[in-house]
Amino acid sequence: MNLTPAMEDYLEAVLIVAKKQVEVRSVDIARQLNVSKPSVWRAITVLKDGGFLTMDDHSFLLLTDLGEETAKKIYERHCFFTDRLIAAGVDPKQAEKEACRIEHAISDESFSKLKASVNNEDKAR
C-alpha cells in the first residue's frame, strides 16, 4: 500500500508520541499534528486497514512491525533534513516545515545516496 504524505505524517506522529509516553491515544495524535479528532480517526482506519497499526482494548494505538519500520524511515529522513537545513543556517522552525515536505518527496534511492554522501564528507573531515 502506498501511503500519502498525510498518512506518513500520522505514522510518524504515532512514533514520536510513543517515544514520549507509553500509551498513545488518538487525542495525542490530534494534538501532535494540530488536527481534528475526526481526521485522526479517518487516518487510523486507513492505517489499520493497511496493516500499519492496531488498536488495543483500551483504544491505545500500537504500531505494527510494518508501521514501526515505515515510521522510523520517515522520521530518519525528517531528522536528517531538519539537521542539514539548520546546519546550513535555515531558521529551525522553517527547517522543520521544509524537512517535512522533503521527507515525502525524495525516493529511497536518492535519500540513501545523499545520506552516504554526507556520511563520507563527515568522515573525510
Side-chain angles (χ1 to χ4, degrees):
M1 170 185 196
N2 284 337
L3 294 175
T4 65
M7 291 300 116
E8 289 181 350
D9 286 342
Y10 281 99
L11 270 183
E12 183 181 22
V14 173
L15 179 71
I16 290 167
V17 172
K19 288 177 181 258
K20 298 176 190 174
Q21 60 196 52
V22 177
E23 298 164 332
V24 180
R25 302 166 300 155
S26 59
V27 66
D28 301 322
I29 303 308
R31 283 189 196 122
Q32 176 73 23
L33 294 175
N34 196 29
V35 296
S36 68
K37 286 187 237 177
S39 293
V40 174
W41 278 107
R42 203 166 39 254
I44 288 170
T45 301
V46 170
L47 294 171
K48 279 172 47 180
D49 290 347
F52 294 96
L53 63 82
T54 61
M55 189 179 290
D56 71 10
D57 295 338
H58 302 287
S59 296
F60 295 121
L61 303 174
L62 305 165
L63 291 170
T64 63
D65 289 343
L66 174 62
E68 186 168 353
E69 178 185 328
T70 305
K72 283 180 176 179
K73 179 176 114 177
I74 297 160
Y75 188 61
E76 176 189 19
R77 291 173 180 210
H78 184 94
C79 293
F80 177 87
F81 288 115
T82 300
D83 292 347
R84 295 303 166 276
L85 290 167
I86 290 171
V90 176
D91 174 76
K93 287 184 182 180
Q94 187 67 25
E96 280 284 332
K97 289 178 190 173
E98 291 179 359
C100 192
R101 287 191 214 110
I102 297 168
E103 73 192 33
H104 303 298
I106 193 166
S107 70
D108 289 344
E109 180 183 6
S110 293
F111 178 69
S112 179
K113 288 181 179 185
L114 182 60
K115 188 170 97 173
S117 172
V118 169
N119 288 340
N120 289 338
E121 287 176 12
D122 288 347
K123 287 178 188 176
R125 289 182 189 169

Of all the heavy-atom pairs spanning [X] and [Y], show the shortest one and how long it is.
X   : Y   : result
I86 : A95 : CG1-CB, 3.6 Å
M7  : L3  : CB-CD2, 3.9 Å
A99 : L85 : N-CD1, 4.0 Å

Pair D91-K97, salt bridge (charged side-chain N to carboxylate O under 4.0 Å, His left out): steps then yes or no: CA-CA 10 Å; D91 174 76; K97 289 178 190 173; over 6 Å; no

Hey, quick one: are [X] and [Y] part of the same hydrophobic cluster, counting side-chain heavy atoms closer than 4.5 Å, chains of contacts allowed?
X    : Y    : result
V35  : M55  : yes
W41  : L11  : yes
I106 : V90  : yes
I74  : F111 : no

Residues which pass side-chain contact (heavy atoms from CB on, under 4.5 Å) with [X], listed by chain and number, not counting sequence neighbours:
X   : result
T45 : D49
N34 : none
K20 : I16, Q32
D83 : none

Full working for side chain to side chain contact (heavy atoms under 4.5 Å, CB included) between V46 and Y10: CA-CA 10 Å; V46 170; Y10 281 99; over 6 Å; no

Set of salt bridge (charged side-chain N to carboxylate O under 4.0 Å, His left out) partners for R31, sequence neighbours left out: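 Applying salt bridge (charged side-chain N to carboxylate O under 4.0 Å, His left out) to R31 gives D28.
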
Interatomic distance, [X] atom [atom1] to [Y] atom [atom2] [nearest 0.5 angstrom]:
X    : Y    : atom1 : atom2 : result
S110 : I102 : OG    : CD1   : 12.5 Å
E76  : L15  : CD    : CG    : 11.5 Å
E12  : L33  : CD    : CG    : 8.5 Å
R77  : K115 : CZ    : NZ    : 9.5 Å
H104 : D9   : NE2   : CG    : 3.5 Å

Mutual orientation of the aromatic rings belonging to Y75 and H78 [parallel < 30°, tilted 30-60°, perpendicular > 60°]: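 Plane angle under 30°, so parallel.
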
Within 6.0 Å of CD in E109, more than 12 heavy atoms from elsewhere: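 Atom CD in E109 is not crowded, with 12 or fewer foreign heavy atoms closer than 6.0 Å.
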
Audit row: K73, E69, salt bridge (charged side-chain N to carboxylate O under 4.0 Å, His left out) steps and yes/no: CA-CA 6 Å; K73 179 176 114 177; E69 178 185 328; over 6 Å; no

Stepwise side chain to side chain contact (heavy atoms under 4.5 Å, CB included) check, E103 with E8: CA-CA 10 Å; E103 73 192 33; E8 289 181 350; 5.5 Å; no

Anything under 3.5 Å between a donor and an acceptor, one on a side chain of residues 61-68, the other on a protein residue two or more places apart or in another chain? List them.
residue	atom	partner	partner atom	Å
T64	OG1	G51	O	2.6
T64	OG1	F52	O	3.2
T64	OG1	L66	N	3.4
T64	OG1	G67	N	3.0
E68	OE2	K72	NZ	3.0

Side-chain donor/acceptor of R84 to backbone N/O of V118, under 3.5 Å: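 No; judged by distance alone, with no hydrogens or angles, the pair does not exist.
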
Beyond-backbone contact of F81 with L114, side-chain heavy atoms, under 4.5 angstrom: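 When only atoms from C-beta onward are counted, L114 and F81 do touch, with a gap below 4.5 Å.
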
